[in-house]
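Here's the structure we're looking at; comments come further down.
In listed order, ligands and their atoms are each counted from 1. None of the values given here were measured: they were computed from a predicted structure.
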Amino acid sequence: MTRRVAIAQLSHETNVFSSVPTDLAAFEAAGLRFGADILIAETGTNTCIGGFIDAATEVDFELVPILSVWATPSGMVPGDAIDWLLQRLCDGLRDAAPLDGVLLALHGAMVTERDRNGDALVLERVRATIGDAVPLVATLDLHANISIRIVDAADILIGFDTYPHVDMADRGREAAYLLRRMIDREIEPVVALVKPPMMPTSQRMTTDQNPMRALLDTAHRMERMPGVLNVTLAGGFPPADTEETGAAVLVTTDGDSFLAFELAEELASDLWSRREEFLGGVESLEAAHRAISDHIRDAPPLIVVDIGDNPWTGGPGDSAELLRLFLAWGATNAAIALIRDEASVRAATAAGTGGRVDLLLGGKTDDLHGPPLAVSGTVRMLSDGRYVNEGPMMAGLPVDLGPTAVIDVEGISVIVTTRAESPIDLNIFRRHGIDPARLDLIGLKGKGHFRAAFEPIASLIMLIEGPGITGADLSRLPFRNVPRPIWPLDPDCGWLEDESDIP
Ligand SMILES: [Zn+2]
């Protein structure tokens with residue numbers, strides 16, 4: 001029996017401290033697709049939608065693709081943008097009726113002007129459109145801020161198990177398989193959500209290292225127990241600054257509420273007791289400089305990552321801090337990805353390939369990411385900023401940085417772009433005539449995702465924290481809505497320790 005299933009993605013990670021609103025143009029620039037175009041563009045990609053499509057044949061789904069959209073993490077989603085996207089999504093669902101089920105790819109940290117809990121807004125509107133009887137399964141990012149509202153609106157929520165997120169397609173497949181079992185009435189999912197009062201930053205949340213590796217081992221052991229359908233451990237996304245911001249454990253079982261709650265409580269206690277392990281992992285500028293001087297001749301390339309202006313945590317991408325440092329350190333045979341600066345790209349375009357330019361580079365979006373840097377350089381290459389990810393993360397997905405210039409500044413190649421994305425793929429360099437494996441020093445903006453592609457070529461990786469709104473130092477951010485006390489903003493915050501009897 002073929003089952004008619006609608007699929008859609010509406011995904012955004014919102015940093016409310018960003019001065020760049022995530023308007024409709026931002027969604028369009030990152031990729032906005034409808035209907036059959038979704039299948040054409042996303043079949044075979046390592047994304048949730050790619051996983052939905054991949055599993056559809058095996059579980060006998062007739063897919064009705066409706067909407068697929070995401071945007072680079074940035075500021076609040078304006079009311080008119082979310083209204084328009086929801087209208088398209090819900091109209092599409094109504095036109096697709098009757099449906100046997102719905103699969104959604106969400107992030108879990110979207111903040112909108114209409115409702116700070118943007119994902120709850122989406123799920124509640126979808127639920128109201130399809131009715132209570134149609135099963136609804138959604139995937140979430142590992143950095144989701146999970147709330148009781150989204151748990152109530154969906155039947156099953158499935159978070160990523162990897163950071164860097166290389167299991168998006170696998171989680172999409174898992175969602176499709178669980179939806180198939182719901183449609184066929186083989187399972188009756190019940191969910192328990194437990195949230196310890198903590199919001200760790202993600203620089204030490206990579207899942208091949210502890211504490212996440214050990215915690216996910218426990219989660220996967222629980223998933224193999226009879227009656228357990230899914231165990232999700234979400235690290236949360238602090239710069240969303242909502243009432244629901246923070247880490248969470250979500251356990252879905254087949255009809256056994258007690259088991260769901262018991263396991264969620266156990267894993268959440270484990271997470272809480274290991275919270276200090278999420279701290280650190282960021283070098284001082286002096287330590288980074290020393291390490292570079294010590295290692296660079298023996299075993300290049302070294303990678304220095306500025307976590308303060310990470311585009312995928314909502315940084316504008318226009319901090320020039322890495323270039324300032326590299327120049328101060330006298331680095332050569334080095335490259336930086338990236339500095340977003342449309343005006344400098346225009347100046348480079350006017351000068352042409354081989355031309356000389358004097359630039360005030362970066363630092364133009366706000367006064368939180370350092371000042372513009374005065375540099376003279378040579379335009380090495382001009383491009384349209386388009387390439388396709390080699391992966392493993394988001395393999396096969398096209399990237400569009402907008403008009404881009406590679407500018408050589410005293411032996412340092414700087415990729416200057418019109419749009420900002422996190423440099424997570426080697427092809428950002430290769431597309432611009434640079435072989436990253438042959439460099440001595442690579443500068444990236446990121447936090448964890450870069451590791452999937454760059455760790456295999458690096459001899460040493462160091463994280464530093466330049467100026468900006470995306471780093472590990474939460475004292476820089478004026479939180480207003482997160483529930484207090486919360487660790488690590490309130491270091492002495494307690495949870496359950498004084499209680500002999502867990503409620
Ligand atoms: Zn994430």
With ring centroids as reference points, do His143 and His165 lie under 6.0 angstrom apart? yes

Just checking: His165, one of its N/O/S atoms, less than 2.8 Å away from the Zn ion (ligand 1), yes or no? yes

Identify, by name, the N, O or S atom of His143 lying closest to the Zn ion (ligand 1). ND1

Are Phe454 and Asp425 side-chain neighbours, meaning at least one heavy-atom pair lies under 4.5 Å? no

Within a strict 4.5 Å, meaning less than it, do heavy atoms of the Asp241 and Arg480 side chains meet? yes

If I consider every N, O or S atom in Asp141, which one ends up closest to the Zn ion (ligand 1)? I only need its name. OD1

Could you tell me which residues satisfy ring pair (Phe, Tyr, Trp, His ring centres under 6.0 Å) with His432, sequence neighbours excluded, listed by chain and number? none

